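Atoms within a ligand are numbered from 1 in the order they appear, just like the ligands themselves. The structure presented is a predicted model; accordingly, all values stated were derived computationally and were not measured.
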Amino acid sequence: MTERLSVDYMALEAAHSSGVYAKRALTIVRGEGAYLWDAEGNRYIDCVGGQGAANVGHCHPKVVAAIQAQAGVLLSCPELFYNDQRALLLQKLTRLAAMPRAFLCNSGAEAVEAALKFAKFATKRTEVVATMRGFHGRTMGALSATWEPKYREPFAPLVPNYQHVPFNDLAAAEAAITEQTAAVLVEVVQGEGGVRPADGDYLRGLQALCRERGALFIVDEVQTGFGRTGRMFAHQHYALAPDLMPVAKSIAGGVPFGACLIGERVGALQPAIHGTTFGGNPLGCAAALAAIDVLIEEDLSARAAALGDFLMARLGDLPRRFRAQVREVRGLGLLFGIELRGKVAPVLKALQARGVLALPAGLNVLRLLPPLVIAQADLEQVARAIESVLEELGAAAIE
Ligand SMILES: *Cc1c(COP(=O)(O)O)cnc(C)c1O
């Protein structure tokens, strides 16, 4: 502890980090379940949830044990060989998703990138339709599908033949999807784009249009997957059958890992059209096997649904109670968003001072993404902290 405090980690990072992240003045050194601790030993209730990577909770003992065991056996094994952990994970993951095959990788952007390449390869078409406010990652292909101009503009020109249609607008999609469309890419709940749930009819309509016009239907479940929204995968709320499904974030209990699930309509892929050195590495596979077991054994999807209902019952009337500060409350399961009338940054700061860490989604949405193992009593604490911050801000606005 004393040694930790003798090093100024914040100054070290500030001096040598890339500069692409706006950081909060907080050094996190430990996590357990839904709690995080800073370098001074202060405990926080975590509603950042590793930005979606910590659904099973920080340092879940079963995930930790699996990583420790595998670390002493085999760390590297590229996919030019078969591997025991990988074989078992592919079986578990494809059964869970009810999709026959999967490409394994290391992050969400890579999983999206794989989906886009596979769609182009399989359809021999070049056009991609994505949605306004959609977020799919920062690599050039995934970025081309991402909407936010401030992420895109510095890097133009991006991949050609991508277009963005208004979200939840089936008529606009119908006009955009043609016989040239390789893929339509959508989130069931737009996470980074402001916690905006899609309508079931819209998603079913998109899927039908894809089937009709020969495009592949890509559902990006990087943030919504693995129990977050109250089902193992969010598209199960609407009985969808994606052709390609990128997943990542919580797939391996916090270890970097991703996958692109591949449906029947994609057809055969060929050796050498895609690949990655660390894809399907035994350490990540062992962690993912353990994390998926935990999700199932602890029924964390049902827990997310129940706790999401609790939060909505507890905070759903914020727009009425805090009319001047809150525009709307929305979400699905434990992907929860509070749209403010003003900026979210001061709210995040005030919550941190009250021992609660939360996320933004854009400039004015407060996003809660707690580990699904969070105690209801802790969510009650979070709700009280939010009310107290809104009261304080309301009082400040009147002064
Ligand atoms: C986070 C996210 C990504 C990108 O994942 P990374 O692991 O950060 O590359 C892609 N799609 C969605 C929906 C996400 O939320």
Side-chain angles (χ1 to χ4, degrees), residues 18 20-22 47-55 97 103-119 128 130-148 151-152 155 158-159 162 164 167 183-198 203 206 217-229 231 233-235 237 240 242 244-261 276 278-279 281 284 287-288 291 331-337 358-362 365 367-370:
S18 62
V20 304
Y21 298 102
C47 290
V48 168
Q51 227 150 265
N55 287 9
F103 170 80
L104 302 177
C105 54
N106 313 287
S107 70
E110 277 181 72
V112 168
E113 209 67 47
L116 293 167
K117 284 182 70 176
F118 295 163
V128 174
T131 64
M132 291 178 180
R133 292 205 173 91
F135 182 87
H136 302 288
R138 317 284 197 141
T139 55
M140 290 303 240
L143 183 60
S144 302
T146 291
W147 178 75
E148 175 59 49
Y151 299 158
R152 300 166 55 86
F155 307 104
L158 295 174
V159 181
Y162 280 59
H164 293 87
F167 186 62
V184 175
L185 179 54
V186 72
E187 294 154 271
V188 176
V189 182
Q190 290 186 326
E192 306 295 319
V195 190
R196 294 169 202 279
L203 293 170
L206 276 186
F217 184 47
I218 308 178
V219 179
D220 181 345
E221 293 254 18
V222 171
Q223 186 155 159
T224 51
F226 301 102
R228 170 60 53 191
T229 70
R231 302 294 294 261
F233 299 106
H235 73 263
H237 286 284
L240 302 171
L244 290 154
M245 179 172 73
V247 294
K249 293 202 163 110
S250 272
I251 185 174
V255 170
F257 206 78
C260 179
L261 278 294
T276 173
F278 285 121
N281 72 88
L332 193 62
L334 277 182
L335 177 45
F336 198 84
L359 279 169
V365 177
R367 179 171 41 142
L368 304 179
L369 218 52

Heavy atoms from other residues, nucleotides or ligands near CZ of Arg133 exceed 12 (cutoff 6.0 Å) =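 Check fails, neighbour count at 12 or below.
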
Can you measure from CG (Leu116) to OG1 (Thr139) and round to the nearest 0.5 angstrom?
->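 Atom-to-atom, Leu116:CG and Thr139:OG1 are 8.5 Å apart.
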
Atom indices of ligand 1 within 4.0 angstrom of [X] heavy atoms, with elements:
{"X": "Gln223", "value": "15 (O)"}
{"X": "Asp220", "value": "10 (C), 11 (N), 12 (C), 13 (C)"}
{"X": "Gly108", "value": "4 (C), 5 (O), 6 (P), 7 (O), 9 (O)"}

Non-hydrogen atoms of Lys249 versus ligand 1: any pair closer than 4.0 Å?
->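 Judged by the 4.0 Å heavy-atom criterion, Lys249 does count as contacting ligand 1.
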
Val188 vs Val219 side-chain heavy atoms within contact, under 4.5 Å | yes

Evaluate the side-chain proximity of Tyr162 to Leu185: yes if any heavy-atom separation is below 4.5 Å, no if none is.
->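 No; the side chains remain at least 4.5 Å from each other.
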
Main-chain N/O of Phe167 paired with Thr131 side-chain donor or acceptor, under 3.5 Å =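 Judged by distance alone, no pair lies under 3.5 Å.
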
Would you tell me which option among Ala145, Ala361, Ala109, Gly258 has the nearest heavy-atom contact to atom 9 (O) of ligand 1?
-> Ala109

Ligand 1 versus Glu110: contacting region, heavy-atom distance under 4.0 Å = neither

Short version for Glu187: what comes under 4.0 Å of ligand 1, heavy atoms counted, is side chain

Please assess Arg367 against Glu192 for the test salt bridge (charged side-chain N to carboxylate O under 4.0 Å, His left out), listing each intermediate value before the final yes or no.
-> CA-CA 9 Å; Arg367 179 171 41 142; Glu192 306 295 319; 3.1 Å; yes

